[in-house]
Amino acid sequence: QVQLVESGGGLVQAGGSLILSCAASGRIGRSFSMYAMGWFRQAAGKERDFVAAMSWNGGSTDYVDSVKGRFAISRDNAKNTVYLQKNSLKHENTGVYYCAAAAAYGTGRQLQYLEYNFWGQGTQVTVSS
C-alpha cells in the first residue's frame, strides 16, 4: 500500500504564510529516502502544474520561477515527511496542492521532469486578495 497524505491547507490572506506537510507511509514510507519528492498545484479548471521538488537526500531543489524566493521545500527523512513553506502568498497561488513521489534520481531542473508515480489526495489552499 502506497500512501501520501497532505495537510496544512486552508484559507489565508494575501501576503500571509502557510506550511504544507506530506506524510508518506506504506511502501514509500519504508524507503522514503530513496524518493525524490515534489509539490504540484492545480487551480480550478486548469491543469496540474509543477511548484517545487527536492532530491532524495535533500541536496538539490527545483522551483517554478514564480515561487522562487517565496516558497521553500524541505524534507525530514526520519519522519517520512516533506514540507512546503509558502510565504508572501498571492491570489494566484490558490489551488489544490498535491505532493508526489518519484523513484528516480535527478538534480536541479531535472526534478520537475521526473516521472512522479505516486500522488496524495491534495489539500486546498485559498489565498484571498
- ring-ring contact (aromatic ring centres under 6.0 Å, His included) contacts in which one or both residues fall within residues 5-42, not counting sequence neighbours: F40-F50, F40-Y116, F40-W119
- Taking Y63 for the side chain and I73 for the main chain, is one N or O donor matched with an acceptor at less than 3.5 Å? yes
- How close do A36 and L111 get, heavy atom to heavy atom, and via which atoms? CB-CD2, 4.2 Å
- Just by distance, do the side chain of H91 and the backbone of V127 share a donor-acceptor pair under 3.5 Å? yes
- Item | Nearest heavy-atom neighbours spanning T81 and K79 | OG1-O, 2.8 Å
- Can you tell me if R30 uses its side chain to pair, donor with acceptor, with the backbone of S25 under 3.5 Å? no
- Do the side-chain N and O atoms of T126 and Q124 include a donor-acceptor pair separated by under 3.5 angstrom? yes
Residues 6-24, side-chain donor-acceptor partners within the protein, below 3.5 Å, at least two apart:
residue : atom : partner : partner atom : Å
E6      : OE1  : Q121    : N            : 3.0
E6      : OE1  : Q121    : NE2          : 3.4
E6      : OE1  : G122    : N            : 2.9
E6      : OE2  : C99     : N            : 2.9
E6      : OE2  : G122    : N            : 3.2
S17     : OG   : N87     : OD1          : 3.0

- Is there a donor-acceptor contact under 3.5 Å linking the side chains of R70 and N93? yes
- Set of side-chain contact (heavy atoms from CB on, under 4.5 Å) partners for N117, sequence neighbours left out: E115
- Message: So does S60 get a backbone contact from the side chain of T107, meaning a donor-acceptor N/O pair under 3.5 Å?
- Response: no
- R48 to Y98 six-membered ring, cation-pi geometry met (6.0 Å, 45°): yes
- Query: For Q42, which residues count as a side chain to side chain donor-acceptor pair (under 3.5 Å) partner, sequence neighbours excluded?
  - Reply: none
- Query: W56: which other cluster members, linking ILVMFWY side chains closer than 4.5 Å, directly or transitively?
  - Reply: Y105
- Task: With sequence neighbours excluded, tell me which residues meet salt bridge (Lys or Arg N to Asp or Glu O under 4.0 Å) with R109.
- Result: D62, D65
- Task: Side-chain contact test, heavy atoms from C-beta onward, threshold under 4.5 Å: evaluate it for Q112 versus V64 and give yes or no.
- Result: no
